[in-house]
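These notes concern the structure reproduced below.
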Amino acid sequence: MAKLKFAKQNDFFQQVYQLVRLIPKGKVTSYGAIAKYLGSAKSSRMVGYAMNNSHVQVPPVPAHRVVNRNGVLTGKHFFAHQHEMQQLLESEGLIIENDQIQNFSDSFWNPSEALQLY
DNA sequence: AAGGTGACAGTTT
DNA sequence: TAAACTGCCACCT
């Protein structure tokens, strides 16, 4: 009885959420890197799409640590307050200017390398 | 059930 | 050089 409705999105989204939760504080990654790590390099758009439900996920997903390939805070508009994403990143020691992360390459966190895929 | 969508990325003009 | 177009694939209505 009582089927669990939230067991629906178990495939891609959950993997994305888990991976995003593994991003260390002060580090950021890109949608493409996540998609590639999950095996679907072409599904980078879907990664961002997954973040739409990130706010209802539990535990919460640090979506602010995910930006696009250019290091631009493209998803800031999806936060409660437009500057929330930037502020969160700044509180983690990152420098953001004109909605773009400075020294992005230096703060980039590559899941494939960090998790040391065998 | 089928079509439309998108918090991207890569290619072309 | 920068801007614009297309591909993409899993989710959503």
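Listed by residue number, the members of residues 96-106 of chain A with any heavy atom below 4.0 angstrom from DNA chain B form an empty set. Residues from residues 60-91 of chain A with heavy atoms under 4.0 angstrom of DNA chain B, sorted by number: A:Ala63, A:Asn68, A:Arg69, A:Thr74, A:Gly75, A:Phe78, A:Phe79.
Around the NE2 atom of A:His55, the shell of radius 6.0 Å holds more than 12 heavy atoms that belong to other residues, nucleotides or ligands.
Take the nearest nucleotide of DNA chain C for A:Ser44 and for A:Ser40: the residue whose nucleotide is more 5' is A:Ser44.
A:Ser30 comes within contact range of the sugar-phosphate backbone alone, with a heavy-atom separation under 4.0 Å but no base atom that close.
Residue pairs that meet the salt bridge (charged side-chain N to carboxylate O under 4.0 Å, His left out) test with at least one member in residues 12-24 of chain A, sequence neighbours left out, do not exist here. The list of side-chain hydrogen bond (donor to acceptor under 3.5 Å, both in side chains) pairs with a residue in residues 66-80 of chain A, not counting sequence neighbours, reads A:Lys76-A:Asp99, A:His77-A:Gln82. Sequence neighbours left out, not one pair with a member in residues 42-54 of chain A passes salt bridge (charged side-chain N to carboxylate O under 4.0 Å, His left out).
By the 4.5 Å side-chain criterion applied to Ile, Leu, Val, Met, Phe, Trp and Tyr, A:Leu88 is assigned to a cluster that also includes A:Val28, A:Val67, A:Leu73, A:Phe79, A:Met85, A:Leu89, A:Leu94, A:Ile96, A:Ile101, A:Phe104, A:Phe108.
Rounded to whole angstrom, the span from the CZ atom of A:Phe13 across to the C1' atom of B:dA7 amounts to 11 Å. Separating the CG atom of A:Asn52 from the P atom of C:dA10 is a distance of 18 Å, rounded to the nearest angstrom. For the pair A:Met46 CE and B:dA9 P, the computed distance is 14 Å after rounding to whole Å. One can place OH of A:Tyr31 at 9 Å from P of B:dA7, the figure rounded to the nearest angstrom. Taking atom CG of A:Leu38 as the reference point, atom P of B:dA9 lies 14 Å away to the nearest angstrom.
In this structure, A:Pro60 has no side-chain contact (heavy atoms from CB on, under 4.5 Å) partners at least two apart in sequence or on a different chain. Every residue meeting the side chain to side chain donor-acceptor pair (under 3.5 Å) condition with A:Glu92, not counting sequence neighbours, appears here in chain and number order: A:His64, A:Arg65. The side-chain contact (heavy atoms from CB on, under 4.5 Å) test applied to A:Leu22 returns A:Leu19, A:Trp109, A:Leu115, not counting sequence neighbours. Under the rule for a side-chain contact (heavy atoms from CB on, under 4.5 Å), the partners of A:Ser40 that lie at least two apart in sequence or sit in another chain are A:Phe12, A:Ser43. Under the rule for a side-chain contact (heavy atoms from CB on, under 4.5 Å), A:Gln87 has no partner lying at least two apart in sequence or in another chain.
Between the side chain of A:Arg45 and the base of C:dC9, no donor-acceptor pair under 3.5 Å is found.
For C:dC12, the OP1/OP2 oxygens have a side-chain nitrogen or oxygen of A:Asn53 closer than 4.0 Å.
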I'd like a list of close polar pairs between nucleotides 1-4 of chain B and the protein, N/O only, cut-off under 3.5 Å.
none

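Checking A:Glu90 against A:Gln86 by side-chain atom types alone, a donor-acceptor pair falls below 3.5 Å.
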